[in-house]
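Here is the structure we will look at, set down as C-alpha cells.
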Amino acid sequence: DTEVTQTPKHLVMGMTNKKSLKCEQHMGHRAMYWYKQKAKKPPELMFVYSYEKLSINESVPSRFSPECPNSSLLNLHLHALQPEDSALYLCASRQGMNTEAFFGQGTRLTVV
Amino acid sequence: AQTVTQSQPEMSVQEAETVTLSCTYDTSESDYYLFWYKQPPSRQMILVIRQEAYKQQNATENRFSVNFQKAAKSFSLKISDSQLGDAAMYFCAYRSARAGNMLTFGGGTRLMVKP
C-alpha cells in the first residue's frame, strides 16, 4: 500500500460550519503534513506532525486545527473559515529524512 | 532561506518530441535534495525524479532525466518522447538534508502536449 488517502474529495461549507478533513496512510510513515494550494500556485506548508506530535505550525490561523490521533491518521478541523480559505488541501507523509514525500489527491474546499 | 524559481509559466511540446523545463534555486547549504513533482488534473502530486546534491551523476527515470549543475544552482528536467499523459503542472522542489526541513516549491510550469 503506497497510498495517502484523503477524504472527502470535495467539500463545500458555509462560514459558520464546522467540518473536518481526513488523511490516512498505512505505509508506517512517521511524518505527516498538511499543505494548502491555491489555483495555479505551488503548495504552501501549513503543519508538520512528527511521531504524532506537532512539530511545525507555519503561522496558520486558529480556525484551522490539526489533530493526529494515531500514526496512520491526520485530521484538519475547520471552523469559521473565510471565502479566501477556499483551496486544495493536500496531505503528505514521509518515512524518514532521506525519503521522498507521498501526497494524497487532496480535498477541494470551497467556503461560501 | 531557500528559494526555487521556475522561469517558464507554460511550455508546450509536440507528442514524441523532447522538452526541457528549467529550475534554479538559491541556497547556502551544501547538502540537500532536489525533486521534480508532476501534478496532473487529478491533483495528486507525483514524484517524477529526485537528485541528491552530493551525487555528480544526473538522475534518470525512463523518459525523464535531469541536468544538475550544482555550481550554477540549476536543475532542469528533460522529458523525452513526450506523451499526452505528460501534460500536467510540474513543480521543482528543494529540501535541505538537515532534520525537520520541508519542501520548498517553485512556482510551477504548465506543460501542454500537442497531439
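Chain letters run A, B, ... following the sequence lines, proteins first and then strands; every chain starts at 1. Computation of the quantities below employed the complete heavy-atom set of this structure, encompassing side-chain atoms and omitting hydrogens, waters and symmetry-equivalent molecules.
Only the side chain of B/Q39 comes within contact range of chain A, with at least one heavy atom under 4.5 Å from a heavy atom of that chain. No part of A/A31 comes within reach of chain B, as not one of its non-hydrogen atoms sits under 4.5 angstrom from that chain. Only the side chain of A/Q37 comes within contact range of chain B, with at least one heavy atom under 4.5 Å from a heavy atom of that chain.
One finds no salt bridge joining B/R95 and A/E100 here, because no Lys/Arg side-chain nitrogen approaches an Asp/Glu carboxylate oxygen to under 4.0 Å.
A/Y89 pairs in a side chain to side chain contact (heavy atoms under 4.5 Å, CB included) with only one of the listed residues (A/L11, A/L78, A/L76), which is A/L76.
The aromatic rings of B/Y32 and B/F68 lie perpendicular to each other, with more than 60° between the two planes, well past the 30° mark.
Interface summary for chain A: among B/A93, B/G108, B/G106, the most heavy-atom pairs under 4.5 angstrom belong to B/G106.
When all heavy atoms of B/Y94 and B/E29 are compared, the pair lying nearest together is OH-OE1, 2.6 Å.
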